[in-house]
There are 2 protein chains.
Amino acid sequence: MTKKAPARTPRITIREVASDAGVSVAAVSKVLRDAYGVSDALRAKVQASMDKLNYRPLASARGLRGRTYTLGLVFPDLRNPFFADIFAGVNSALERTRYQAMQGVSVSASSLVEAMIDRQMDGLVLIGPNETNERLNDIADRVPLVAIGHHDLTDARFDTVNNDDQLGGRLAVRHLCQNGHKKIAMLSLAAPVSTVINQRELGYRLEMTEQGLGGSINIVRAPQVLREVQLILRRLLEGKDRPDAIFCWTDLMAFEAISVAVELGLSIPEDVAIVGYDNTVFCEFSQNRLTSIDQSGEVLGLQATRLLIERIDGRSHSEHFVVTPRVVARASSAKAG
Amino acid sequence: MTKKAPARTPRITIREVASDAGVSVAAVSKVLRDAYGVSDALRAKVQASMDKLNYRPLASARGLRGRTYTLGLVFPDLRNPFFADIFAGVNSALERTRYQAMQGVSVSASSLVEAMIDRQMDGLVLIGPNETNERLNDIADRVPLVAIGHHDLTDARFDTVNNDDQLGGRLAVRHLCQNGHKKIAMLSLAAPVSTVINQRELGYRLEMTEQGLGGSINIVRAPQVLREVQLILRRLLEGKDRPDAIFCWTDLMAFEAISVAVELGLSIPEDVAIVGYDNTVFCEFSQNRLTSIDQSGEVLGLQATRLLIERIDGRSHSEHFVVTPRVVARASSAKAG
DNA sequence: GCAAAAATGTAGAACGCTACACGTAGAACA
DNA sequence: TGTTCTACGTGTAGCGTTCTACATTTTTGC
């Protein structure tokens, strides 16, 4: 079945560079890694040959001995534009380095993580990993690891970068209270897989209680399936006890909430105010004009990358970076009455 | 600066498997690649050892001699959820294979493509590449290549998978005509970088002409920048010659169009109908209820992957796969009057 | 039953790079 | 002038695979 592939233009190797520059292979390698013991003259000579031949080191070969200069990013999903922000942050951190990021997507990180380790990634960033600390430590024992959006720090042998999701939950409630809302419901995720959700729920609860609204705490949980979400929102908004505000655990759900509300003839924010989370581009975008909690994905990505490279360079104690969220107020939660 | 990294749990190598199974390294390699000349007994023995030791071949090492079983996907952008559909298609094509996809994002494919070649990807899928055929052929000479969303087939030494964008443009216009709209404008992209846009514009023009609306052909071009898009849309909708329908080159722009229209107090579809392109999940989603041209990203991804693997396996002539788009009608373009 | 053919397994040389261990030469020191 | 440093280059042994030869065993054909 497998025929011979057509002849491909062959690669320039370090050997050819060496012979072109009239030096040893080892010398070229030194220049490549800017290792100690290289004179300016030699560097220049080698550099010239590399440029001339358009030489590029082969990552797999490097990986066999040293590094591949490749970082792996594991996203849980590609549909949420919030992840694009994180990615942008990663890339800006990588700008002046020799590292390159490769991404993969998978709900259960496991198999993808293995694939990335097989491919000699120098380090991994897991975004919103749905994994136990035990499992994460297991990975961390094999490859430098940073988790974004993981709040369990006990015994962590990896770094974390987090938005303060608990504070985020609080801010949402506080903001809605300030704008005169009282019956604030929260739309959360069924089977809360991530510690992120737990923190947001906790923040919601705590702030509701502190605001003296403990009695009207109302967490509604929906799965990721669109139909289900719509159904549950409809039930919530048609019920006799309709909330006058909904805090949604992510912008995407918030858009859906707006959608269902409008469909039911309710006006926003007069009848029901909506607040989302992530402050994705789409908040600005559509008529949604959605108030949202900004967790600055770009900062998350940037810090995670910084920590990861530190770790690759040898740091072995764990660091945990926290970003403070903030409310970005838009029309969807404007002052009631 | 660079300290010694902490001791990592070492990898199981093919050598250890071989010694555990009491066979040669070559034998294990044969089993791994299911090459010719392996008895059932040997296979079983080796398989057992591999399972027992939890062995996983190292891609970089394989790459040095043969394949890495890694495919590279190059996306122009991560924000458009349409790309998630393509990705899903790729993954479903990969399901029962030993290949794994890694993604990268970059507007100008160039540097990312080089990085992927450096990392020994067995093949590349470029999505909406903003490159000349010359450049693409150049890449194709070095690595098996498939382009999704590239309409220039002259001399192509790579495969392409395309939605029939010209037909898509036609369908949009035809649909709007059938629903009684006449002054149909098209919102396109400034500096049309991709052949995709050209085809959609062409389809729009041709169908307008055939419908006898050649006189009201009106292509408005906006850059990718949100502010600009809003400005241009506002100008278009406030002008004395307001169109009664807008065909937008992508859903994201269509949402923006809806947004601006609503802001201006226009109702959709009575005052102005909107049609998008891509049929992203968000069409169903928000109150947008956006009519869109479906180009089935999943099929595109699946076919591209299929072609790519064929090419890796040795096919050298080019193939070009075309998917037929279809209109998915929703509220945003309902019958006028 | 014997030669030829087919099937099965093994040795060992790459693949392109890194990094350790040296060799050498000039500078600094006494 | 000899000796010790230091800076700079080089030789070469791997890293974990694949894959071409080749050696050995088993099967087949007559």
Side-chain angles (χ1 to χ4, degrees), chain A residues 2 4-5 8 10-47 49-50 53-70 98 117-120 122 142 312, chain B residues 2 4-5 8 10-47 49-50 53-70 98 117-120 122 142 312:
Chain A
T2 305
K4 201 81 198 154
R8 312 218 153 271
R11 253 189 115 84
I12 305 292
T13 73
I14 198 174
R15 225 177 305 271
E16 300 170 60
V17 175
S19 92
D20 181 90
V23 298
S24 73
V25 168
V28 180
S29 175
K30 274 192 178 181
V31 171
L32 235 44
R33 298 171 282 135
D34 34 38
Y36 174 82
V38 180
S39 66
D40 290 350
L42 184 115
R43 188 190 315 283
K45 224 173 9 177
V46 170
Q47 206 49 266
S49 288
M50 295 203 299
L53 301 176
N54 196 17
Y55 168 75
R56 313 206 63 190
L58 191 67
S60 346
R62 308 184 95 170
L64 229 41
R65 300 290 290 163
R67 304 184 182 174
T68 58
Y69 297 99
T70 312
R98 58 221 306 169
I117 293 177
D118 293 345
R119 280 155 187 82
Q120 297 269 92
D122 291 338
R142 293 184 292 153
I312 292 172
Chain B
T2 304
K4 201 83 197 153
R8 311 219 154 268
R11 251 190 116 84
I12 304 292
T13 75
I14 198 173
R15 225 177 303 273
E16 300 171 59
V17 175
S19 92
D20 181 271
V23 299
S24 73
V25 166
V28 179
S29 176
K30 274 192 177 182
V31 171
L32 234 47
R33 297 171 283 135
D34 34 38
Y36 173 84
V38 180
S39 68
D40 290 351
L42 184 121
R43 187 190 317 283
K45 223 171 15 175
V46 170
Q47 204 51 264
S49 289
M50 294 203 301
L53 300 175
N54 196 19
Y55 168 74
R56 312 207 64 192
L58 190 66
S60 346
R62 308 184 96 169
L64 227 42
R65 299 288 296 164
R67 307 185 180 172
T68 57
Y69 297 98
T70 313
R98 57 219 308 169
I117 293 177
D118 293 346
R119 279 155 187 84
Q120 296 269 94
D122 291 338
R142 293 185 292 154
I312 293 173

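Below, chains carry the letters A, B, ... as their sequence lines are ordered, and counting in each starts from 1.
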Starting the side chain at C-beta, find the nucleotide from C:dG9, C:dC17, D:dC19 nearest to B:Arg65.
D:dC19
Measure from the side chain of B:Leu58, starting at C-beta and using heavy atoms only, and say which of D:dG16, C:dG16, D:dG9 lies closest.
D:dG16
What does the list of N/O pairs under 3.5 Å between the protein and nucleotides 4-7 of chain C look like, with a distance for each?
unit_1	atom_1	unit_2	atom_2	d
C:dA7	OP2	B:Tyr36	OH	2.7

note: B:Arg33, atom CZ; D:dT20, atom C1'; distance rounded to Å ~ 10 Å
Side chains of A:Tyr55 and A:Leu32: closer than 4.5 Å at any heavy-atom pair?
yes
Could you check whether B:Arg56 gets within reach of a base, just the sugar-phosphate, or nothing at all, counting any heavy atom under 4.0 Å?
sugar-phosphate
Distance check needed: D:dC8 C1' versus A:Arg43 CZ, whole Å only.
12 Å
Spacing of B:Leu42 atom CG relative to D:dT24 atom C1', expressed in whole Å:
15 Å
When the distance from CZ of B:Arg15 to P of C:dA11 is rounded to whole Å, what number comes out?
12 Å
Between CD1 of B:Ile312 and CZ of B:Arg67, what distance do you get to the nearest 0.5 Å?
6.5 Å
Is any side-chain heavy atom of B:Arg43 less than 4.5 Å from a side-chain heavy atom of B:Lys30?
no
Could you walk me through whether A:Ile12 and A:Val17 satisfy the side-chain contact (heavy atoms from CB on, under 4.5 Å) test, starting with their C-alpha distance in whole Å, then the side-chain angles of each, then the deciding distance to 0.1 Å, before giving a yes or no?
CA-CA 8 Å; A:Ile12 305 292; A:Val17 175; 4.2 Å; yes
Between B:Arg119 and A:Thr68: side-chain donor-acceptor atoms closer than 3.5 Å
no
Can B:Val23 and B:Lys45 be said to form a side-chain contact (heavy atoms from CB on, under 4.5 Å), step by step?
CA-CA 9 Å; B:Val23 299; B:Lys45 223 171 15 175; 3.9 Å; yes
The correct set of residues in residues 19-28 of chain B placing a heavy atom under 4.0 Å from DNA chain C is B:Val23, B:Ser24, B:Ala26, B:Ala27
Is B:Asp118 paired with A:Arg11 through a side-chain N to carboxylate O contact shorter than 4.0 Å?
yes
Please classify the nucleic acid contact of B:Arg11 as base, sugar-phosphate, or nothing, using heavy-atom distances under 4.0 Å.
nothing
Length of the line joining A:Leu32:CG and C:dG16:C1', which is rounded to integer Å
11 Å
Can you tell if the side chain of B:Val46 reaches within under 4.5 Å of the side chain of B:Met50, non-hydrogen atoms only?
yes
Residue-phosphate contact under 4.0 Å: A:Ser39 side-chain N/O, D:dA7 OP1/OP2
no
Can you find a side chain N or O atom of B:Tyr55 that sits less than 4.0 Å from OP1 or OP2 on D:dT17?
yes
Hey, are A:Ser19 and A:Arg15 close enough side-chain-wise for a donor-acceptor pair under 3.5 Å?
no
What verdict does the side-chain contact (heavy atoms from CB on, under 4.5 Å) test give for A:Leu64 and B:Leu58, after you've listed the backbone C-alpha separation in whole Å, the side-chain angles of each residue and the deciding distance to 0.1 Å?
CA-CA 9 Å; A:Leu64 229 41; B:Leu58 190 66; 4.0 Å; yes
Counting the atoms with a prime plus P, OP1 and OP2 as sugar-phosphate, which does B:Ser29 contact under 4.0 Å by heavy atoms, base, sugar-phosphate, or nothing?
base
Rounding to an integer number of Å, can you tell me how far A:Lys30 NZ sits from D:dG9 P?
8 Å
Using the side-chain contact (heavy atoms from CB on, under 4.5 Å) rule, take B:Asp34 and B:Val38 through it: C-alpha gap first, then chi angles, then the decisive distance, then the call.
CA-CA 8 Å; B:Asp34 34 38; B:Val38 180; over 6 Å; no
Distance check needed: C:dT18 P versus B:Leu64 CG, whole Å only.
12 Å
Write down the protein N/O and nucleotide N/O pairs, taken from nucleotides 23-28 of chain C, whose separation is under 3.5 Å; answer none if there are no such pairs.
none

Kindly indicate whether the side chain of B:Pro57, heavy atoms from C-beta on, has any atom under 4.5 Å from the side chain of B:Ile14.
no
May I have the distance from A:Ile14 (atom CD1) to D:dT12 (atom P), rounded to whole angstrom?
16 Å
